[in-house]
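Report on one structure; see the data block that follows.
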Amino acid sequence: MEAVAHCRSQIYDYFHGNDACQKYFFHDAHEEEYAAYYTSMYLLQDSTETLLQHRQRGFSSSPLDVYLEFWGVMQAIIIQQDSIAEIYTVLVQQDLSPKDKDLKSWLQVRELRNICAGHTARRDRPKSAPLTRTFMGRAFGGYDEIEYEQWQRGIGITFLAWR
């Protein structure tokens, strides 16, 4: 998280200290790119600072609060990733493909979010694969390990952990 914050600051400082960047992005022809850069930089800053602070504090002891915190953390991570991808597109002029860049952790976090939300019941799976349903309860663990249960047709309930 600190590396993300540091890199974001470097991009920000470079942009604001470079006349060529200023001329390019403030030109009317590049208004859309500048809007993408500007919005993504603020979203990246807010999501990163929030995640850093929450990691220091940890999850609440209240089961209802922790449930809401978990989904807030997951959403902040997705916002952070989407902002990084948008900034990359603006600066490099090509889309960031986590699969092409071998960003396994990036993809694993998105997969965890989808699993815990139950989104993967049929998505991206062959029709022949057994139907699954996933439940991530209020006592899921914490940052070091996230526990959830998964029901799969023909197998029943399995308790799983993501580290």
Side-chain angles (χ1 to χ4, degrees), residues 1-27 29-120 123-124 134 136-148 150 160-163:
M1 225 36 73
E2 290 169 358
V4 172
H6 178 71
C7 187
R8 185 224 169 260
S9 292
Q10 286 182 313
I11 293 168
Y12 180 89
D13 292 346
Y14 183 82
F15 175 82
H16 289 278
N18 186 297
D19 289 336
C21 285
Q22 299 281 316
K23 286 178 186 175
Y24 177 84
F25 282 109
F26 290 137
H27 191 278
H30 304 285
E31 181 180 37
E32 189 174 319
E33 291 169 286
Y34 177 69
Y37 163 83
Y38 180 85
T39 304
S40 295
M41 287 296 278
Y42 278 108
L43 288 170
L44 182 57
Q45 180 179 14
D46 291 347
S47 61
T48 301
E49 288 176 1
T50 300
L51 289 165
L52 274 167
Q53 184 181 69
H54 192 269
R55 279 200 65 107
Q56 290 172 350
R57 184 181 69 237
F59 286 96
S60 171
S61 59
S62 164
L64 295 176
D65 289 345
V66 80
Y67 184 83
L68 187 60
E69 286 175 31
F70 174 80
W71 289 110
V73 165
M74 294 308 290
Q75 187 60 31
I77 292 169
I78 300 306
I79 290 169
Q80 185 184 54
Q81 288 181 342
D82 290 348
S83 297
I84 291 168
E86 189 70 24
I87 292 165
Y88 182 91
T89 299
V90 169
L91 298 179
V92 179
Q93 297 294 302
Q94 66 182 32
D95 289 338
L96 174 64
S97 172
K99 289 178 184 173
D100 294 344
K101 299 293 183 190
D102 198 30
L103 299 173
K104 290 178 186 165
S105 295
W106 179 296
L107 297 170
Q108 288 172 339
V109 169
R110 291 181 95 86
E111 180 183 0
L112 174 67
R113 177 185 153 263
N114 290 340
I115 287 170
C116 290
H119 290 316
T120 56
R123 188 179 291 184
D124 299 328
T134 305
M136 191 279 308
R138 297 173 187 168
F140 67 88
Y143 279 107
D144 295 333
E145 181 177 275
I146 295 171
E147 298 172 355
Y148 58 95
Q150 187 174 66
L160 304 164
W162 188 82
R163 294 175 181 101

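Only a predicted model underlies this, so the values are computations on that prediction, with no experimental measurement involved.
Ring centers of Phe140 and Tyr67: at least 6.0 Å apart, outside the cut-off.
Among all heavy-atom pairs drawn from Leu107 and Pro98, the shortest one is CD2-CB, 3.6 Å. The heavy-atom pair separating Ala36 from Val90 by the smallest distance is CB-CG2, 3.7 Å. Of all the heavy atoms in Ala5 and Leu52, the pair that sits closest is CB-CD1, 4.4 Å. Nearest approach of Ala117 to Trp71, heavy atoms of both residues: N-CH2, 3.5 Å. Counting all heavy atoms, side chain and backbone alike, Leu44 lies closest to Ser83 at N-OG, 3.8 Å. What you find for Phe59 and Val66 is that their closest heavy atoms are CB-CG2, 3.4 Å.
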| query | Between Trp106 and Ile84, does a side chain to side chain contact (heavy atoms under 4.5 Å, CB included) hold up when you go through it step by step? | reply | CA-CA 11 Å; Trp106 179 296; Ile84 291 168; 3.9 Å; yes

| Chi angles and distances behind the side chain to side chain contact (heavy atoms under 4.5 Å, CB included) call for Glu111, Trp162 | CA-CA 11 Å; Glu111 180 183 0; Trp162 188 82; over 6 Å; no

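Residues passing the salt bridge (charged side-chain N to carboxylate O under 4.0 Å, His left out) test with Asp65, sequence neighbours excluded: none. Applying the side chain to side chain contact (heavy atoms under 4.5 Å, CB included) test to Ser9 and every residue at least two apart in sequence or in another chain returns nothing. Residues meeting the side-chain hydrogen bond (donor to acceptor under 3.5 Å, both in side chains) test with Glu86, sequence neighbours left out: none. Here Tyr38 pairs with Tyr34, Tyr42 under the ring-ring contact (aromatic ring centres under 6.0 Å, His included) rule; sequence neighbours left out. Among residues two or more places apart in sequence or in another chain, the side-chain hydrogen bond (donor to acceptor under 3.5 Å, both in side chains) test is passed with Glu2 by none. Contacts of Ser97 classified as side chain to side chain contact (heavy atoms under 4.5 Å, CB included), with partners at least two apart in sequence or in another chain: Lys99, Asp100. In terms of the side-chain hydrogen bond (donor to acceptor under 3.5 Å, both in side chains) criterion, Arg57 has no residue partners (sequence neighbours excluded). Looking at residues two or more places apart in sequence or on another chain, you find a side chain to side chain contact (heavy atoms under 4.5 Å, CB included) between Ile11 and Cys7, Tyr37, Met41, Ile87, Leu91. Listed by chain and number, the residues in a side-chain hydrogen bond (donor to acceptor under 3.5 Å, both in side chains) with Thr48 are Gln80 (sequence neighbours excluded). Residues passing the side chain to side chain contact (heavy atoms under 4.5 Å, CB included) test with Glu145, sequence neighbours excluded: Glu147, Ala161, Arg163.
Using a 4.5 Å cut-off on side-chain heavy atoms (C-beta onward), Ile77 and Arg113 make no contact.
Under a cut-off of 6.0 angstrom, the local environment of OH in Tyr14 is sparse, with at most 12 non-hydrogen atoms contributed by other residues, nucleotides or ligands. Other residues, nucleotides and ligands contribute more than 12 heavy atoms inside 6.0 Å of the NE2 atom of His16. Other residues, nucleotides and ligands place more than 12 heavy atoms under 6.0 Å from the CD atom of Gln108. Taking a 6.0 Å sphere around CG of Asp144, one finds it holds 12 or fewer heavy atoms contributed by other residues, nucleotides or ligands. The neighbour count for Gln93 CD, taken as heavy atoms of other residues, nucleotides or ligands under 6.0 Å away, is above 12.
A distance of 13.0 Å separates NZ in Lys23 from CZ in Phe26, rounded to the nearest 0.5 Å. Separation of atoms CG (Leu51) and CE (Met1) is listed at 5.0 Å; rounding is to 0.5 Å. Atom CE in Met74 sits 12.0 Å away from atom CD1 in Ile79 (nearest 0.5 Å).
Every pair passing salt bridge (Lys or Arg N to Asp or Glu O under 4.0 Å) that includes a residue from residues 66-84 is listed here, sequence neighbours excluded: Asp82-Arg110. The salt bridge (Lys or Arg N to Asp or Glu O under 4.0 Å) analysis of residues 36-55, with sequence neighbours excluded, yields no pairs.
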